[in-house]
Amino acid sequence: MGFEPTISCVTGMRFKPAKLRPRVQIIITQNNLVYNKNMSLMHKNMNNQKVSELLRAISAAYEIKGPKANRFRTVAYDNAADAVEHLGSEIKDIWQEGKLEEISGIGESIAQNLSEVFEKGSSKHFKAILSDLPPSMFELVKLNGIGPKRAYQLSHELGISAKNSIVDLEKQAKAGKIANLEGFGRESQADILKAIADYKTRQPDRILLPQAQKIADEILSWMKKCKKIDQIKPLGSLRRKASTVGDIDIAVATEVPGKVLDHFTKYPKVIRILEKGKHKASVVLVNNIQVDLIVMDPDSFGSLLQHFTGSKHHNIALRNYAKDKGLSLSEYGIRTKNKLYKFKTENDFYKFLGLDYIPPELREDMGEIEAARQNKLPSVVKPRDIKGDLHLHSNFDIETSHDLGVDSMLHMIKKADGLGYEYLAFTEHNPSQSGHSESDIVKILKRKRDKIMRLNENKNYSRVKKVFNSLEIDILPDGSLPVSDKGLETLDFGLVSIHSSFKKTRAEMTKRVLRGLDHPKVKIFAHPTARILNKRESVELDWEKIFQFCLDRGKWIEINAAPKRLDLPDYLVREAVKAGVKITLGTDAHEVSAMDNIAYGLAVAARGWAKKSDIINTRSLKDFEKLI
DNA sequence: GCCGTTTTCGGCCCGACTGTTTTCAGTCG
């Protein structure tokens, strides 16, 4: 994919001119079955996941129809599906803005057809491609080990029904019907039954980083019992510190791969071995998490780290880049015409290609290869660069309707001291409006201010020099704040955030947030998308407007480091930083131990290409005080 | 079907594992 991507706001996509043209509506019929609205691959109200599924279906259709002629078309549709899956905003919104073709991987043809789907509920061209394929096959490809061709063959030859396709397939397998099909056998039939069992118990969500880390740590301590291991390292999206992780990837350097793989598949939490060869094995654990392990000769461990860390798109881009130089990359090393160069470290691998070392967090094919070539990669911000935590909840009873923290201010200050911070800010939720008059609220806030003043007077910590009196203030549905000017006057500065009415339109939500940010005491927009990973979608906002407002008015945007939030998300951090908007890091800790989560916030900052200078709380106390 | 500071035409990453095969196709990451 590309160099020098010009990423436009909101979506993380390259800029290309857009031309769109809608057409007509079609209803799909197949095997005497009419797709109803829920089952259809196409209807007017498609979300990103549905569009992605549709594009994969078209890809599969091309693969079946003419593998040779359509091989690259298949890849193109797959790439488009990937692109849609990883979009930061709803594709329907992008369509409404006429910007479909700005998405890298979506060109004139796909954009035109998607427009037709959004407008009419179907596309003539897509419909034609899908028309002679059994609908059930698009369900069957969701099974592990079943791709387009087998799915087609199964659906076609067994007459799998469009409704309950997988249940139907299971019946046929149990009846022994699959073993008789050409190209299948008893083993395949048994594998399909296992794949169906896996499918039924499959964890629907990707897991959060700390959970993935814990699972990986447990496997690592099991693997370390095997004495034949030189080095072992978790890779994949866990190493890239993506906000969620699908499966766990582990690399091992060893001289005796067989012994290591045997030990791995004997891990007590393994419930099923998906595959096991000479170089790698895949297993499913009791919690239905898949773990892939690859072994490699220690001399080539560097190239394995590179290969298995990914991302897929980074590797493809890197291999294309190398290909132009007459080189071929793989997990074994770098091949020229007549020689294989091996690498013990990733650093040497990238160096051989004429590139700076690319930190794992940046390996997403977002321009990092070209930046590495020009020595223009941002350097990753380290924990020791952070001088204070700007989002903390103590147990000081502020009579809020939201949750209080569980630990005392003093306890949290001591923790901050241990982390080497110079300052911190207590940002309990605002006192509730119900049951409190305006003057009650001011009284409570003064009580808190006095408490913090006393803490600042009686300092007996070695590093922390100042405690700031702040507050996390709800942005009410109309954009007003539940604290009066008099109340806000007690603060050093305020955070604002959304905790209700998440479903407003983009325009309404943007207006609401801008109003909430308007007050001069308000400095930070906290957990700005309000998403909770796996639980709640992001709110819709016009980020260009938000960023511009922040720039004009000297407001900052938070990266909330709580693992369930990681909000602002990485792709929006990238946009914010490009726009020149300053970022703050806060853990939103409600207990002392959660203050360590700052590391997750730093990962988001790195993935968003934020430099030290982009992050407000890398400033010394003196500089920070000037800013507020 | 998509894409481009070597290209608007001519390319499109690379390899492991499995089952059903007698040398490979399909699937996956």
Side-chain angles (χ1 to χ4, degrees), chain A residues 1-5 14 16 55 58-60 62-64 67-83 101 103-114 125-126 129 140-141 143-154 178-192 194-195 235-237 246-249 251 257 261 273-282 290-296 303-304 306-325 327-335 365 370 373-374:
Chain A
M1 311 198 81
F3 300 151
E4 298 273 341
R14 267 177 279 173
K16 298 186 296 168
L55 294 169
I58 305 290
S59 162
Y62 273 124
E63 185 153 351
I64 288 159
K68 292 232 166 84
N70 294 310
R71 203 166 97 235
F72 296 110
R73 217 176 269 183
T74 301
V75 173
Y77 274 98
D78 262 335
N79 284 339
D82 280 351
E101 284 190 57
I103 301 168
S104 176
I106 293 186
E108 193 181 343
S109 165
I110 293 180
Q112 211 168 76
N113 282 290
L114 287 181
H125 177 50
F126 285 177
I129 297 168
L140 302 190
V141 290
L143 297 171
N144 219 328
I146 303 294
K149 298 198 173 168
R150 286 173 194 228
Y152 174 75
Q153 194 187 349
L154 289 166
I178 292 175
N180 303 325
L181 299 177
E182 196 187 335
F184 288 81
R186 303 204 68 80
E187 296 267 4
S188 309
Q189 184 169 273
D191 282 348
I192 285 172
K194 283 178 195 159
L235 305 176
S237 50
D247 55 18
I248 310 275
D249 301 312
L261 288 170
I273 298 169
L274 293 172
E275 61 180 31
K276 186 182 172 196
K278 285 182 182 168
H279 303 89
K280 61 183 193 175
S282 292
Q290 183 175 328
V291 185
D292 302 332
L293 185 136
I294 302 192
V295 293
M296 181 58 75
S303 49
L304 177 62
Q306 197 290 316
H307 163 75
F308 212 20
T309 297
S311 67
K312 174 184 155 191
H313 290 291
H314 171 78
N315 283 359
I316 291 174
L318 194 67
R319 286 166 183 191
N320 280 324
Y321 169 81
K323 209 171 194 180
D324 287 347
K325 296 171 174 283
L327 304 170
S328 169
L329 312 185
S330 76
E331 56 265 53
Y332 296 104
I334 300 179
R335 255 180 255 278
D365 188 25
E370 184 58 13
R373 196 177 66 77
Q374 299 176 358

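Keep in mind that what you see is a predicted model, and the values were worked out from it rather than measured. So you know, we letter chains A, B, ... as the sequences are listed, proteins then strands, and number each from 1.
For A:K312 and B:dC28, the shortest distance from a side-chain N or O to OP1 or OP2 is not below 4.0 Å. A close approach under 4.0 Å does not occur between any side-chain nitrogen or oxygen of A:S104 and OP1 or OP2 of B:dC2. OP1 or OP2 of B:dG1 sits under 4.0 Å from a side-chain N or O of A:S109. In this model, the phosphate group of B:dG29 is approached by a side-chain N or O of A:Q290 to a distance below 4.0 Å at OP1 or OP2. Dashed line: the shortest gap from a side-chain N or O of A:K149 to OP1 or OP2 of B:dG26 is under 4.0 Å. Using a 4.0 Å cut-off, some side-chain N or O of A:Y332 falls inside it from OP1 or OP2 of B:dA16. The side chain of A:H279 places an N or O atom within less than 4.0 Å of a non-bridging phosphate oxygen (OP1 or OP2) of B:dC17.
B:dT27 atom P lies 13 Å from atom CG of A:D191, rounded to whole Å. Atom CD1 of A:I248 is separated from atom P of B:dG29 by 14 Å (rounded to the nearest Å). What separates NE2 of A:H313 from P of B:dC2 is a distance of 15 Å, to the nearest Å. Regarding A:L143, its CG atom lies at a distance of 14 Å from the C1' atom of B:dC28, rounded to whole Å. Straight-line distance from the CG atom of A:D324 to the P atom of B:dC3: 17 Å, rounded to whole Å. A:I146 places its CD1 atom 16 Å from the P atom of B:dT18, with the value rounded to the nearest Å. Atom P of nucleotide B:dC2 and atom CG of A:N70 are separated by 13 Å, given to the nearest angstrom. In this structure, A:N320 places its CG atom 12 Å from P of B:dG4, rounding to the nearest Å.
Considering only side-chain atoms of A:E275, the nucleotide from B:dT18, B:dC2, B:dG15 that sits closest is B:dT18. Counting only heavy atoms from C-beta on, A:S328 has its side chain closest to B:dC14 among B:dG29, B:dC14, B:dG1. Closest contact between the side chain of A:P148 and the listed nucleotides B:dC14, B:dT27, B:dG15 involves B:dT27. Side-chain atoms of A:R150 lie closest to B:dT27 of the nucleotides B:dC13, B:dT27, B:dC14. Comparing B:dG1, B:dG15, B:dG29 against the side chain of A:F308 picks out B:dG29 as the nearest. Among the nucleotides B:dG1, B:dC13, B:dA16, the one closest to any side-chain atom of A:E331 is B:dA16. Side chain of A:H125, nearest nucleotide from B:dG1, B:dG15, B:dG29: B:dG1. Considering only side-chain atoms of A:N144, the nucleotide from B:dC2, B:dC13, B:dC28 that sits closest is B:dC28. Set against B:dG1, B:dC14, B:dT20, the side chain of A:S188 has B:dT20 as its closest nucleotide.
Residue A:L304 is out of contact with every strand shown, counting any heavy-atom pair closer than 4.0 Å. As judged by a 4.0 angstrom heavy-atom cut-off over every strand, A:D247 is placed among residues making no nucleic acid contact. Among the protein residues, A:Q189 comes within range of no part of the nucleic acid, since none of its heavy atoms lies under 4.0 Å from any strand. The residue A:L329 sits close only to the backbone: its heavy atoms come under 4.0 Å of sugar-phosphate atoms, none of a base.
Contact annotation: the side chain of A:I316 never approaches that of A:D365 to less than 4.5 Å [non-hydrogen atoms, C-beta and beyond]. Using a 4.5 Å heavy-atom cutoff, the side chains of A:K276 and A:L261 are in contact. At least one side-chain heavy atom of A:F184 sits less than 4.5 Å from a side-chain heavy atom of A:R150.
With hydrogens and angles disregarded, no donor-acceptor distance shorter than 3.5 Å links the side chain of A:Q290 to the backbone of A:D247. Judged by distance alone, with hydrogens and angles left aside, the side-chain atoms of A:E331 form no donor-acceptor pair with the main-chain N or O of A:H307 at under 3.5 Å.
Here the options are A:D78, A:I129, A:N70, the test is side chain to side chain contact (heavy atoms under 4.5 Å, CB included), and the partner is A:S59; only A:D78 passes.
Residues A:D249 and A:R319 both approach DNA chain B. Their nearest nucleotides, taken by heavy-atom distance, put A:R319 toward the 5′ side. Place A:R186 and A:H307 on DNA chain B by their nearest nucleotides, and A:R186 ends up nearer the 5' end.
To the nearest 0.5 Å, atom CD of residue A:Q189 and atom CG of residue A:L181 are 8.5 Å apart. Here the straight-line distance linking atom CD1 of A:I64 with atom OG1 of A:T74 works out to 9.5 Å at 0.5 Å rounding.
Atom C1' of B:dC17 sits at a distance of 24 Å from the matching atom of B:dC12, rounded to the whole Å. B:dC28 and B:dT23 are spaced 25 Å apart, taking the P atom of each and rounding to whole Å. Comparing the C1' positions of B:dT21 and B:dG26 gives a spacing of 13 Å, expressed to the nearest Å. The gap from the C1' atom of B:dT6 to that of B:dG1 amounts to 23 Å, rounded to the nearest Å. To the nearest whole angstrom, the two P atoms, one in B:dT20 and one in B:dA16, are 22 Å apart. Nucleotides B:dC13 and B:dC3 have their C1' atoms positioned 16 Å apart, rounded to a whole Å.
Annotated as syn: B:dT7, whose glycosidic dihedral is within 90° of 0.
Both distances falling under 3.5 Å, in either a Watson-Crick or a G-U wobble arrangement, occur for no nucleotide opposite B:dT8.
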